[in-house]
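Keep in mind that what you see is a predicted model, and the values were worked out from it rather than measured. Below, each value reflects all heavy atoms present in this structure, side chains not excepted, and no hydrogens, waters or symmetry copies.
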Amino acid sequence: MKSKKSKHIDPVCLMEVEIPETDELELKSATYKGNKYYFCSPFCTAAFINSPSRFIERLKQFDTDKMG
């Protein structure tokens with residue numbers, strides 16, 4: 001039986017991602033203002049770390065568009 005993993009949206013590329021395995025967690029996650037974000041790759045993680053507010057706004061817009 002497969003366990004269900006929590007799905008998240010990568011705020012950089014807007015891909016749906018699962019929480020990374022423990023050995024990749026440091027490369028594919030970041031915390032910003034107390035919130036944890038998950039990424040598809042170390043490249044997206046680095047882009048986010050360099051400009052988190054830009055990608056947070058983009059993620060908010062994506063969520064709004066998806067719901068509306």
Side-chain angles (χ1 to χ4, degrees):
M1 175 185 275
K2 286 186 177 181
S3 64
K4 287 191 172 186
K5 288 192 173 185
S6 184
K7 300 282 185 179
H8 300 270
I9 300 297
D10 178 328
V12 175
C13 67
L14 303 177
M15 282 181 51
E16 188 174 278
V17 296
E18 294 179 348
I19 295 175
E21 298 296 325
T22 304
D23 61 338
E24 294 184 318
L25 195 56
E26 188 174 320
L27 296 174
K28 293 184 177 181
S29 67
T31 302
Y32 179 68
K33 293 189 175 182
N35 295 310
K36 189 82 162 182
Y37 298 92
Y38 301 98
F39 305 92
C40 68
S41 70
F43 173 81
C44 283
T45 306
F48 179 84
I49 290 169
N50 286 328
S51 186
S53 59
R54 171 183 168 209
F55 294 109
I56 297 302
E57 287 304 313
R58 184 175 165 186
L59 184 60
K60 287 179 186 175
Q61 184 62 42
F62 176 77
D63 286 341
T64 302
D65 290 347
K66 197 173 173 183
M67 295 178 97

Is M15 linked to F43 within one hydrophobic cluster, defined over Ile, Leu, Val, Met, Phe, Trp and Tyr using a side-chain heavy-atom separation of less than 4.5 Å? no

Could you state the interatomic distance from OH (Y37) to OG (S29), rounded to the nearest 0.5 Å? 12.5 Å

Rounded distance (nearest 0.5 Å) linking atom CD of Q61 with atom CG of L14: 10.5 Å

Find the distance between CZ (F55) and CD1 (I49) and round it off to the nearest 0.5 Å. 11.0 Å

Rounded to the nearest 0.5 Å, the OH atom of Y38 sits from the CG atom of L25 at a distance of 6.0 Å

I would like to know whether E16 and H8 meet side chain to side chain contact (heavy atoms under 4.5 Å, CB included); could you show each step before the answer? CA-CA 6 Å; E16 188 174 278; H8 300 270; over 6 Å; no

Just how far is it from atom CG of D23 to atom NZ of K28, taken to the nearest 0.5 Å? 9.0 Å

Can you list the steps and then say if Y32 with S53 is a side chain to side chain contact (heavy atoms under 4.5 Å, CB included)? CA-CA 9 Å; Y32 179 68; S53 59; 3.9 Å; yes

Is D10 close to F48 at the side-chain level, that is, under 4.5 Å between some pair of heavy atoms? no

